[in-house]
Number of protein chains: 2
Amino acid sequence: MKIDKNENTEKSIVDIAKALGVSAATVSRALNDNPRISEATRKRVKEKAIELGYRHNSMASSLRNKKSKIIGLIVPRISMYFHAVFITALQNRLQNEGYSLMVCQSNDSVAVEQKLANTLYSSRVDALVVSLALYTENYAHFDGFINRGIPLIFYDRVPTKDYPAHIIQGDDYRGGVIAGNHLIEMGCSKIAYISGPLSCSIYRERTEGLKHVLKKAKVTLAKKWCFYQELTAENAWNSLRQIFAGDEVPEAIFASNDTTAVAAVEFAREQGIKIPQELKIIGYSNDPRASIISPPITTIDQHPDEMAHRVAYKLLHLLKDKNAREHAETNRKEIVPVTMVRRMTT
Amino acid sequence: MKIDKNENTEKSIVDIAKALGVSAATVSRALNDNPRISEATRKRVKEKAIELGYRHNSMASSLRNKKSKIIGLIVPRISMYFHAVFITALQNRLQNEGYSLMVCQSNDSVAVEQKLANTLYSSRVDALVVSLALYTENYAHFDGFINRGIPLIFYDRVPTKDYPAHIIQGDDYRGGVIAGNHLIEMGCSKIAYISGPLSCSIYRERTEGLKHVLKKAKVTLAKKWCFYQELTAENAWNSLRQIFAGDEVPEAIFASNDTTAVAAVEFAREQGIKIPQELKIIGYSNDPRASIISPPITTIDQHPDEMAHRVAYKLLHLLKDKNAREHAETNRKEIVPVTMVRRMTT
DNA sequence: TATTCATTGGTTGTCGTTACATCTAATTTA
DNA sequence: TAAATTAGATGTAACGACAACCAATGAATA
């Protein structure tokens, strides 16, 4: 390949204009396919642009247009299957519309989340999409977006208090209901529950859904079998050991993510507990690991694709219609259905 | 929370300057902690900035400085465990230095990769980090970066032909050697090999490493048991069916990723083939799934953290030293060691 | 023939920040 | 005491693209 160090100087539309004896405005219009430019001129301009090695300067363009064409995204961790799928789907849609996605990870740290929000705010992203960190209970770091009318959409892990942003969440309440009902139908009345912290919308709602159906079925959830904590494998093992340390032992475990469900299966295997005969397990998220382990785990699918689809739709709508932003007092919340994927642990 | 729609107008440093009766230049310096500004003025400026709801305009700043403070990243898929870990590690390091990472996915499509490279080129990223798509054999879409002296680093899946960019790759040749030796030591002489396409550096080198040790051990790799294809679960199943359709059957399978290794374990389970007694399996990447399946799979760890560390180091070096870019004819290639994680499939 | 108007293009000014070159007053040095 | 230095602040000119407004041409219409 050829290296052309002479071309190293950046050319601007002014250089093209000079070379062609036209004005910079004409060049700008030609490159942007403005209809006010004749086909002939457009062609001349574009050819000269290539010849000179011109490249569009989006900094200048952004400054002038007051639009960065960048959407900020804050997720807890991209390594979570749900979010990885979501990101991919969202990115594909936005790319078609000429937007880039700035993907950031909070690592489930409130402090990092705050810092990222500020950075993205200063970076002048055209919109922000957020799935909150585990313990975020104050949303002041997003106020700037609200005040400036910059589209702000929360998805999956959304604010638990009233906050004037758009919200697209999974039907976590229903997820709790489905899981609870399923276990009841399987004849379980002694259920252990390993959940994420209740500061987080998704776990709070799943818990409510679960408790609702258990109450209806007159099944009580023993306090000693309930855990609300970060859902790591390590925490799961600790809780499982605690659960199975006593004389009485549960018939089922509802784990609020699949990492925990996987840990439960491994724990049972280690302890020689038969699944599903002696212990039923249901997870959440439909992570690929849930289907690979033996026995494969019954879990709740959150349909990240569908969620991304809805977020993208709403986002592009808000981005286009300045009005939509002002008058969106109603209809700010959408719920995406969940479905159970039944496998061999129940 | 309070919504202050009056504050909606964007303030610039000029507004701060006016409000304070100083010049815009002074405000700029004060906000950037330039030492040529008195402590008193600096404080006054910063307070007024907060009072007016000022936010830094990085578009204007970028235009002026000719630096976007954004690093482009192109990966095949963020859902691949190796890349997810790599991204997270890289991002954490760059964030500390004030850089943002623009993460893009090629979805293993050459066309998408080309489009992304062009977009990132026009977006004026300060540097580009790339892991190539499966079938990328031409690198012209990165020439712009080379010509302009913009730092360009390939990692993991790197160009197979000579290309004047920086390269940080895993020791895939050694990975092939290790896997091959391990299987030979286990007494296997009939080995099936499911690899990615040889257009891709990593698979090419693993293949060479494997062939080298097999030759040394006088073990031949049967053509009918060699596959070079996209490493999806579906392709894996097809190949496995083909492999086990004949009379003769292999003693071991070397799968060049863990998706394939997982498929092999599942296939063996379905066919009632005993692992590792009748069939040994070794994978590649140390994906979490490899440790969760039963039996857990022996695999090669590529140390994505370490690779990210090296990429970040080189990147920041190139970004700082303009000279480093010019005189980097030598030392453009680094190799990151791999290690085998032995589990129950061998 | 006079008037309209569509087509094509040019002129000017602006976006917000910051580097460079100055400038002023106070302080230090010879 | 005069000259030199310096701390602190200022003014101005880009950076590159593009929107808003304006101007010239020629064809179509009245």
Side-chain angles (χ1 to χ4, degrees), chain A residues 8-46 48-49 52-70 98 121-126 148 150 322, chain B residues 8-46 48-49 52-70 98 119 121-126 148 322:
Chain A
N8 215 336
T9 53
E10 293 280 357
K11 304 293 182 186
S12 75
I13 54 170
V14 176
D15 297 310
I16 300 177
K18 273 187 197 148
L20 249 37
V22 300
S23 82
T26 302
V27 174
S28 173
R29 290 194 191 105
L31 292 175
N32 289 310
D33 288 326
N34 184 312
R36 298 170 47 108
I37 292 295
S38 71
E39 201 47 61
T41 313
R42 188 197 320 285
K43 200 180 159 208
R44 282 205 312 148
V45 168
K46 289 193 171 175
K48 186 56 91 177
L52 293 181
Y54 166 83
R55 59 168 170 159
H56 179 76
N57 188 327
S58 58
M59 298 158 183
S61 180
S62 294
L63 176 59
R64 181 66 236 250
N65 296 324
K66 292 167 175 263
K67 276 184 199 141
S68 65
K69 286 294 198 169
I70 296 177
Y121 181 62
S122 299
S123 312
R124 298 294 222 264
V125 292
D126 289 347
R148 288 258 146 67
I150 303 165
K322 245 188 124 51
Chain B
N8 215 334
T9 52
E10 293 279 359
K11 304 293 180 186
S12 76
I13 54 171
V14 176
D15 296 310
I16 300 178
K18 273 186 197 146
L20 249 38
V22 300
S23 82
T26 303
V27 174
S28 172
R29 283 202 272 269
L31 292 174
N32 289 311
D33 287 325
N34 185 310
R36 298 176 52 97
I37 290 293
S38 72
E39 202 46 61
T41 311
R42 188 197 319 285
K43 200 181 157 207
R44 282 205 310 147
V45 167
K46 289 193 173 178
K48 185 57 90 177
L52 293 181
Y54 166 83
R55 60 169 170 159
H56 179 75
N57 188 326
S58 58
M59 298 158 183
S61 180
S62 294
L63 175 60
R64 184 66 237 245
N65 295 324
K66 292 167 177 265
K67 276 183 199 142
S68 65
K69 286 294 200 170
I70 296 177
T119 306
Y121 180 62
S122 300
S123 314
R124 298 292 221 264
V125 292
D126 289 347
R148 289 256 147 68
K322 244 189 124 50

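Contact annotation: B:Ser61 does not reach the phosphate of C:dT17 (side-chain N/O to OP1 or OP2, under 4.0 Å). Distances shown here put every side-chain N or O of B:Thr26 at or beyond 4.0 Å from the OP1 or OP2 atom of D:dA9. Between B:Thr41 and D:dA9, a side-chain N or O to OP1/OP2 separation shorter than 4.0 Å is present. Contact between the side-chain N/O atoms of A:Asn65 and the OP1/OP2 oxygens of D:dA19 is found at a separation under 4.0 Å. Taking only side-chain nitrogens and oxygens, A:Lys66 comes nearer than 4.0 Å to OP1 or OP2 of C:dG16. Distances shorter than 4.0 Å separate none of the side-chain N or O atoms of A:Asn32 from OP1 or OP2 on D:dA17. Checking the phosphate oxygens (OP1, OP2) of D:dA19, no side-chain nitrogen or oxygen of A:Ser28 falls inside 4.0 Å.
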Taking protein heavy atoms under 4.0 Å as touching, what does nucleotides 21-28 of chain C look like 5' to 3' if B marks base contact, S marks sugar-phosphate-only contact and - marks none?
--------

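Whole-Å rounding puts the A:Leu63 CG to D:dC15 C1' distance at 9 Å.
Residue B:Asn65 is tested with B:Ser68, B:Ser62, B:Ser61 for a side-chain hydrogen bond (donor to acceptor under 3.5 Å, both in side chains); the sole match is B:Ser61. For the pairing with B:Lys46, the side chain to side chain contact (heavy atoms under 4.5 Å, CB included) check across B:Ile16, B:Val27, B:Asp33 returns one residue only, B:Asp33.
The base of C:dC15 has none of its N or O atoms less than 3.5 Å from a complementary donor or acceptor on the side chain of A:Arg64.
Closest to the side chain of A:Ile13, out of C:dT8, D:dC18, D:dG11, is D:dC18. Proximity note for B:Asn57 (side chain, C-beta onward) versus C:dT11, D:dC18, C:dG16: the nearest is C:dG16. When the nucleotides C:dG16, D:dG11, D:dA17 are ranked by their closest atom to the side chain of B:Ala25, D:dG11 comes out on top. Checked against C:dT17, D:dG16, C:dA19, the side chain of B:Tyr54 finds its nearest nucleotide in C:dT17.
The minimum heavy-atom distance between B:Arg148 and A:Gly53, with the atom names listed, is NH2-O, 3.0 Å.
Using a 4.0 Å heavy-atom cutoff across all strands shown, A:Val27 reaches no nucleic acid atom at all.
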